[in-house]
Amino acid sequence: MDRTLFRGAKIWDGSGAAAYPADVLVEGSRIKTIARTPGALAAEGATVIEARGRTLMPGLVEGHAHISFGGAVNDSDLGNIPPEEHLLLTMRNAKTLLDHGFTSAYSAATSKLRLDVVIRNEVNAGRLPGPRIRAASPEITVTGGLGDERKNHMYYESFGMIADGPEEIARAVRLCCREGVDNIKINISGDDLGPLTHGGLTVMREAEVQMAVDVARDFGKKINCHARSAESVKRAVRCGVDVIYHCESADEEAIDMLESVKDRIFVGPAIGIIYGTLYQGEPFGFYRDSDLGRNMQRVIETTASVYKELRRRGVRILIGGDYGFAQSPQGENARDLKHFVDLLDFSPTEALQCGTKIGGEVMGLANELGQVKEGYIADLLLVDGDPLQDLDILVHERNLHVIMKDGALYKDHSAIGTAQRAAAAE
Ligand SMILES: [Zn+2]
């Protein structure tokens with residue numbers, strides 16, 4: 001069995017406790033032993049990594065992944081990509097996520113039905129680099145909803161899978177289940193970035209939402225939703241949706257309802273895309289001094305007040321900011337951590353737990369993933385610098401000294417250093 005010994009690390013374990021110095025032994029795919037006495041663990045047969053005080057922390061979990069999204073300005077850009085190129089794009093994005101320390105990805109939605117599924121299978125088979133993936137369906141949406149770009153005189157592909165009425169919804173969900181997804185996605189509200197229905201509109205009927213949830217349950221799947229309006233959040237809670245994204249217009253009643261099911265659900269603000277549209281959107285035609293810009297500013301403010309309350313009430317919150325659009329590129333996903341601190345008033349520890357411990361829970365691996373603990377899956381990052389002092393450290397690939405997934409060293413910069421030192425000594 002492969003063994004790796006991290007010696008002299010500072011462990012940030014994800015539990016919420018302060019970081020502490022320790023050595024960590026990984027055996028096979030699991031964390032075997034954590035020793036607080038330096039040098040106490042035998043190194044025989046193990047690859048030894050001298051951490052030199054670097055921070056050892058859990059691998060990051062992207063809680064709102066769109067692995068098949070890349071560079072889109074308009075939603076229909078994703079529909080324009082032919083399937084062959086789209087598969088290659090998704091494959092590259094999976095590697096990009098892992099290169100940036102995301103060892104797990106809970107997919108919020110795919111943009112063509114089998115993209116997440118195929119990449120998940122290839123990664124699991126060890127044939128492609130990528131995070132562990134919970135594969136999603138496309139965004140199941142009603143006519144005129146987010147992800148429907150068709151015109152009356154012209155068919156047009158986007159990222160949505162259009163279904164109207166409970167029967168069509170049932171068929172769409174069953175189709176996605178048959179093709180192997182882990183999570184179903186439904187769009188209950190509209191969206192301000194979509195061309196037709198704004199975020200304040202609740203366009204998927206309760207009977208449609210309920211049917212989607214019931215059929216997903218029949219097949220043993222989780223279900224995610226897009227819910228910006230207060231009513232869409234309430235509809236999601238009433239019908240039993242598992243992961244409720246956005247929620248920035250949740251009113252007091254909606255917040256109470258979310259709290260009442262906090263042990264069952266997860267929420268995620270997806271703040272990265274809002275920030276990106278506001279501050280990095282100009283090259284793509286998103287101007288701050290416009291109705292859209294003012295809307296994005298309002299969304300940041302309402303998100304801050306809603307999530308402050310949700311955090312206080314113990315609702316489980318995920319990072320993941322809709323990365324994969326032109327103004328929120330793949331690879332920058334860890335920026336959400338800093339957004340949580342700067343825009344939503346989280347402490348650095350709270351933000352980092354959203355991207356590790358709570359991420360492990362949404363992956364369906366509570367008590368196994370997302371913390372540095374004995375017996376847990378060895379998804380680990382050895383980081384140059386202290387992320388709690390500056391979360392921006394985690395955004396840059398160069399600061400990730402070692403990336404380990406499932407106990408296997410995916411990136412080991414310390415080995416490169418050793419080889420270079422040996423070469424220099426010769
Ligand atoms: Zn999304």
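Just follow the structure's listing: the first ligand is 1, and inside any ligand the first atom is 1.
Counting only N and O atoms by type, the side chains of Asp116 and Ser107 include a donor and acceptor under 3.5 Å apart. At a cut-off of 3.5 Å, with distance as the only test, no side-chain donor of Thr302 or Glu248 sits close to an acceptor on the other residue.
For residue His66, an N/O/S atom approaches the Zn ion (ligand 1) to within less than 2.8 Å. Counting backbone and side-chain atoms alike, Asp322 contributes an N/O/S atom closer than 2.8 Å to the Zn ion (ligand 1).
Using the six-membered ring where Trp is involved, His401 and His413 have ring planes that are tilted, between 30° and 60° apart.
Annotation: His66 is not in aromatic contact with Tyr323 [ring centroid separation under 6.0 Å not met].
The N, O or S atom of His64 lying closest to the Zn ion (ligand 1) is NE2.
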